[in-house]
Protein chains: 2
Amino acid sequence: MQVTGTATQILDVAQELVQTRGYNAFSYKDLEARVGIRTASIHYHFPTKADLGTAIAKRYRDFVNSKFAEYEAKEVTAPKRLQRYAGLLESVLTKGNRICVGGMLASDYATLPLEVQTEVSAFIHDNERWLARVLKEGRAAGELAFDGTPEVLATTLFSALEGAMFVARSTGDHGRYRRTAEWLIGTLMSPRVAARRR
Amino acid sequence: MQVTGTATQILDVAQELVQTRGYNAFSYKDLEARVGIRTASIHYHFPTKADLGTAIAKRYRDFVNSKFAEYEAKEVTAPKRLQRYAGLLESVLTKGNRICVGGMLASDYATLPLEVQTEVSAFIHDNERWLARVLKEGRAAGELAFDGTPEVLATTLFSALEGAMFVARSTGDHGRYRRTAEWLIGTLMSPRVAARRR
DNA sequence: GTCTATAAGATGATAGAC
DNA sequence: GTCTATCATCTTATAGAC
């Protein structure tokens with residue numbers, strides 16, 4: 001049985017609409033039927049759309065950050081941690097053709113309220129920072145081999161996976177996401193690349 | 001001195017708004033002041049927003065396809081052709097913080113009129129097909145070295161560059177795009193060719 | 001907390017005059 | 001081709017009753 005509070009229900013529904021349609025393509029009216037209360041009542045919980053957008057972005061960032069902690073606790077090697085990360089985004093894509101909240105809001109960036117923009121920038125920063133750390137440790141441990149700095153590769157990985165979600169959705173081919181993720185991680189583990197570095 | 005027709009002017013302004021704000025975040029009203037005619041007049045040229053969106057997408061796809069031909073004519077090696085391609089998107093980003101029309105519309109995909117969706121899918125297909133061909137020929141010529149199929153790497157490259165545009169814009173750091181592009185192309189270049197470049 | 005009622009403005013589009 | 005006028009609807013709220 002669902003014991004979820006109204007505010008959480010609103011966030012759940014609104015987040016799904018952000019992920020499928022984008023920030024500018026959903027309205028309080030869209031939430032009405034799905035949540036089961038009137039738009040005026042939704043405004044009670046989230047006075048403005050900026051408040052709602054900020055809450056969605058903050059909650060999602062917290063969620064992903066908690067996944068980082070989980071992957072570090074459960075997986076010992078860098079390749080496994082990267083696979084978990086790629087798998088997280090893949091599950092988002094698979095579950096209702098959704099896009100990562102961070103990636104979708106990044107596409108809406110120019111039109112977002114300032115507070116939401118700040119959250120989006122922070123989300124990207126969190127992701128890239130974690131990826132860079134995993135990459136750095138993985139290279140130090142000899143589990144990964146790559147040229148350049150962990151930071152550059154981190155932003156490349158993040159960009160590629162987020163972009164792949166859009167591409168997969170627009171081509172109706174989720175396999176495109178999976179193959180992109182596998183190529184990226186596979187290349188980082190490749191002996192050929194390892195050999196090149198010596 | 002005039003030269004540019006009204007329809008073209010409308011397309012120019014509307015395209016810029018698509019690239020900066022997205023399909024759902026601009027209106028005929030936004031075009032009014034910038035084009036210098038009333039919304040009713042814009043409806044004369046493009047009866048519905050779907051017509052306008054389709055025209056923007058088609059024209060942009062033609063433009064990019066013409067660039068493919070140009071790069072093949074002007075550049076002989078695969079790395080150079082890829083650098084030109086990455087440079088094209090970089091110029092889009094640098095010129096007014098714009099996003100590639102294809103990438104931005106891919107982010108709006110679920111809310112697009114069917115005709116525009118079809119154009120977006122075709123745009124992605126065109127880009128991936130050209131990239132796959134360049135990659136395949138480059139590997140055959142010994143200019144590039146990579147694991148996996150040209151097709152998988154093509155979709156990875158496209159996803160990464162499109163994603164990097166969003167990331168660059170949301171972080172206010174265009175350098176992120178450039179470094180991503182350089183890492184990707186640099187990684188593909190064989191040790192032999194890479195050594196020759198120094 | 002949720003409702004009805006209402007508001008001001010935006011939006012996509014059409015009719016008909018010039 | 002461009003205009004004014006008008007439209008039905010949507011959007012983001014706010015006020016006040018229950």
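Just so it is clear: chains get the letters A, B, ... in the order the sequence lines come, proteins before strands, and each one is counted from 1.
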Item to complete: Locate the shortest heavy-atom distance separating A/G22 from A/M104; write the atom from each residue and the value.
Response: CA-CG, 3.8 Å
Worksheet item: Less than 6.0 Å separating the ring centroids of B/F166 and A/F166?
Response: yes
Practice prompt. Verify whether the ring centers belonging to B/Y60 and B/F123 lie closer than 6.0 Å.
Written response: yes
Discussion item. For a side chain to side chain donor-acceptor pair (under 3.5 Å) check, start with the C-alpha distance between B/N127 and B/Y85, then their side-chain angles and the critical distance, and finish with the verdict.
Written reply: CA-CA 10 Å; B/N127 278 260; B/Y85 180 77; 2.6 Å; yes
Response to the item:
With a 4.0 Å cut-off (strictly under) to non-hydrogen atoms of chain B, the first and last hit nts on DNA chain C, 5' to 3', are C/dT11 to C/dA15
Discussion item. As an exercise, state the distance from CD1 of A/I37 to CD of A/Q9, rounded to the nearest 0.5 Å.
Written reply: 8.0 Å
Fill in: Ion pair check, B/R129 and B/E151, cut-off under 4.0 Å
no
Discussion item. Any residue in residues 42-57 of chain A with a heavy atom nearer than 4.0 angstrom to DNA chain D? Just list them by number, or reply none.
Written reply: A/H43, A/P47, A/T48, A/K49
Practice prompt. Apply the test salt bridge (charged side-chain N to carboxylate O under 4.0 Å, His left out) to residues B/D147 and B/R139: give CA-CA distance (whole Å), side-chain angles for both, the deciding distance (0.1 Å), then the verdict.
Written response: CA-CA 10 Å; B/D147 296 323; B/R139 183 160 66 178; over 6 Å; no
Fill in: d(OH, A/Y28; P, D/dT9) in whole Å
24 Å
Fill in: B/D51 and B/H45 side chains, donor-acceptor separation under 3.5 Å
no
Response to the item:
When rounded to whole Å, the CZ to C1' distance for the pair A/F26 and D/dC10 reads 15 Å
